[in-house]
Q: 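Starting off with a structure, shown below.
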There are 2 protein chains.
Amino acid sequence: MSASQPERGRSHQPTIKEVARLAGVSPMTASRTLNGGLNVRPDLQERVMAAVRELGYQRNENARSLRPGQPSGLIGIAITNLANPYYGSFALGVEEVAAEHGRRIILGNTGEDAGRERQLVSDFIGRQVDGLILVPTSGDSAHLRPERLGDMPLVLASRRVPGLEADTVLLDDVGGAYRGTISLLDAGHTRIGFLGNRSSVFTGERRYRGFEQAMSERGVAIDPAIVARDQQDVDAARRAARAMLDRPDAPTAIFSANNRNTIGALREIGRRIHDGLPGPRPSIVSFDDFELSELMPVPVTVIDHDGRRLGREAATLLFTRLTGDGDMPARTVELPVTVEFPRPGERA
Amino acid sequence: MSASQPERGRSHQPTIKEVARLAGVSPMTASRTLNGGLNVRPDLQERVMAAVRELGYQRNENARSLRPGQPSGLIGIAITNLANPYYGSFALGVEEVAAEHGRRIILGNTGEDAGRERQLVSDFIGRQVDGLILVPTSGDSAHLRPERLGDMPLVLASRRVPGLEADTVLLDDVGGAYRGTISLLDAGHTRIGFLGNRSSVFTGERRYRGFEQAMSERGVAIDPAIVARDQQDVDAARRAARAMLDRPDAPTAIFSANNRNTIGALREIGRRIHDGLPGPRPSIVSFDDFELSELMPVPVTVIDHDGRRLGREAATLLFTRLTGDGDMPARTVELPVTVEFPRPGERA
DNA sequence: CTGTTAGCGCGTTCAG
DNA sequence: CTGAACGCGCTAACAG
């Protein structure tokens, strides 16, 4: 009962040696049996398996992968915000494909912090992961350069990293934003506001580009007074929407580049309706789907996409590289998005 | 260029030996330096650190934890559905606390499948995790019994496992459901429907109990004809809501025991409003919050709770056990929920 | 078909 | 203060 030692019972995970001893064979025979039983007499295999069951033996995967070249069976994932349902689905997609390949995932949340991303990647490498999948932050990315990563396979998701060649899965941000904007123009809107996130974020930039393309293609001018591109959370989005809608020349429609901005805009619109304020009730086009969008008090068109599928594609890209030629050129997969109108016959 | 071997460049993660050689010291001196530098001359430490930087050395955490008793720094988490935003937040909460303790998480998705849970737990043990956090499935749980788990610390979240004593974090399901139901009764409703998930699911059972308590306390009978407790997805929930609302004696309010049922019910209500169908526009009380609930066409009261906090509590419970006495009795933490009314002055 | 030897990267133990 | 030897659990490579 010494107080200094934690003295946890640590009921000692059985080792392959103990299995072998109990089965009356050498550790090598036990090992072979556990790895498929090639060149082991059936009766010995029986005895080994019996011992395994009796002892509740679990192979130590860490020891197994100690030998260089042996895969650890671990995939490291770093994402920016696990609480975002979209990235939750993304992680699920990766997990599924990883599991199909007998791999497990180590997951870290960066919170958009490049320093944290660096730590995570470093730790992942220290744990000998077989590959890395990440939604990169927009900060410094020196830790992702080939000279730091060696030949560790890396897949980027959702965003690119400037100057870094790596397998990448993206959404069709530009096309989706373009089509969503066109649907507003088709419905006769000419005064269209834009809510987005910091343009330093890759997707923010691309979605604005799609918006811009559609507007210029139709010869509709973009009024900078109703373009707000710096909102990262719902409250900021709400304030931006409010400022726009308070103008005498308020927009009759708003393009929102992501979920946070959409929620903020709709909260503001809801308040105005509830308070009986005058002014337009703008239609919304929202990049990112959300549930019950069809029950909103204004028409909401969503640009929908599948986070789980993005995750599955990212993992597939990784495993293709893991099993194939490590030197093949970097590939980019761009997943389609769908534009969904509120209800049949009731476009924005 | 032999075709049979993968022949990955594998630019060989540097080892501590190489660091030592480059620094002109023994591996032991390098090791000591990396572990705090106790009893190592400052100038040697300098040289070692320089070599580390030059080689981009990363300590092999797997090898480090090979020695029995050494923690792996890994926490295994198995949850039922990562795509559910609530569990995404939960995972985030766990990840945060784990990171604060210098641990990493291995994450697996069970999809409510007990067999998959068993595999995951087994794999986690094989990877020498320091502890396990799981949202248990409702199936067979033999693999969680102490005789199988040894003294591996285990924390259960959201649900209990029958007959298993383990640290547990729960929501105040009963109290929340009770208070939500009371709010409906206070508003004058007497005909209240119930939508829930399989009662075999722990939370489903508890939430029904809270509903029942409130109803019986107020002397309002529960009509089994408007109680549906077997919906696991939105479509099933919608059908159940439809059946209730098609009745001549349709409920004037509905208690929904979880997010999936709430969405289904609201979709059905939205359809009826849109199609101009007659009948009541029932108020909703929803266990589980969702965004923009205040913009719904019927009043929605939500019973809100914080998945991230649940995750943080679960991890805290685990680390308390890891650092403290492993033999302390199992503890249960029950987190409060808040009942939030639609808009000030407009109760359901 | 089976067993022995050796070594993966690291850190504890013990000897200088 | 520093280094050499040993062993953690496991499995290629090499006997037998």
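For the numbers below, each heavy atom of this structure counts, side chains included, while hydrogens, waters and symmetry mates do not. Proteins get letters first, then strands, A, B, ... in listed order; numbering begins at 1 in each.
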Q: Under 4.0 Å between a side-chain N or O of B/R59 and OP1 or OP2 of C/dG9?
A: no
Q: For the pair made of CZ in B/R127 and P in D/dC10, what is the distance, rounded to whole Å?
A: 13 Å
Q: Starting from P on C/dT2, measure out to CZ on A/R47 and report it in whole angstrom.
A: 9 Å
Q: Whole Å only: how far is the CD atom of A/Q45 from the P atom of C/dC1?
A: 10 Å
Q: Hey, which of these two, B/L44 or A/P27, hits DNA chain D nearer its 5' end, going by closest nucleotide?
A: B/L44
Q: Any side-chain heavy atom of B/M49 within less than 4.5 Å of one from B/T33?
A: yes
Q: Reading DNA chain C from 5' onward, which residue's closest nucleotide shows up sooner: B/M28 or B/A63?
A: B/A63
Q: A/N39 near the nucleic acid: base, sugar-phosphate alone, or nothing, with a heavy-atom cut-off under 4.0 Å?
A: base
Q: Could you give the CZ-to-P distance, from A/R21 to C/dT4, as a whole number of Å?
A: 14 Å
Q: Considering only D/dG3, C/dT2, C/dG7, which nucleotide approaches the side chain of A/V40 most closely?
A: C/dT2
Q: B/R312 and B/E95: salt bridge (charged side-chain N to carboxylate O under 4.0 Å, His left out), yes or no, with the steps?
A: CA-CA 8 Å; B/R312 293 192 66 96; B/E95 196 270 352; over 6 Å; no
Q: Does a nitrogen or oxygen in the side chain of B/S26 sit under 4.0 Å from OP1 or OP2 of D/dT2?
A: no
Q: Can you check whether A/A23's main-chain N or O pairs, donor with acceptor, with A/R47's side chain at less than 3.5 Å?
A: yes
Q: Specify the residue among A/I16 and B/R41 whose closest nucleotide of DNA chain D lies further upstream toward the 5′ end.
A: B/R41
Q: Provide, to the nearest angstrom, the distance between the CZ atom belonging to B/R67 and the P atom belonging to C/dC8.
A: 16 Å
Q: Is B/S31 close enough to C/dG11 that one of its side-chain N or O atoms is under 4.0 Å from OP1 or OP2 there?
A: yes
Q: With a non-hydrogen cut-off below 4.0 angstrom, is A/N35 in contact with a base, only sugar-phosphate, or nothing?
A: sugar-phosphate
Q: Measure from CG on A/N62 to C1' on D/dC8 and round the result to the nearest Å.
A: 12 Å
Q: Side chains of B/L55 and B/L22: does their closest heavy-atom pair fall under 4.5 Å?
A: yes
Q: Starting from P on D/dG9, measure out to CG on A/L34 and report it in whole angstrom.
A: 15 Å
Q: Testing A/D140, A/N109, A/T137, A/V135 for side chain to side chain contact (heavy atoms under 4.5 Å, CB included) with A/E117, which one passes?
A: A/T137
Q: If you check every side-chain atom of A/T29, which of D/dT11, C/dT12, C/dT2 has the closest atom?
A: C/dT2
Q: Could you check how far CZ of B/R64 sits from C1' of D/dG7, rounded to whole Å?
A: 17 Å
Q: Indicate, with a heavy-atom threshold strictly under 4.0 Å, whether B/R32 touches base, sugar-phosphate, or nothing.
A: base
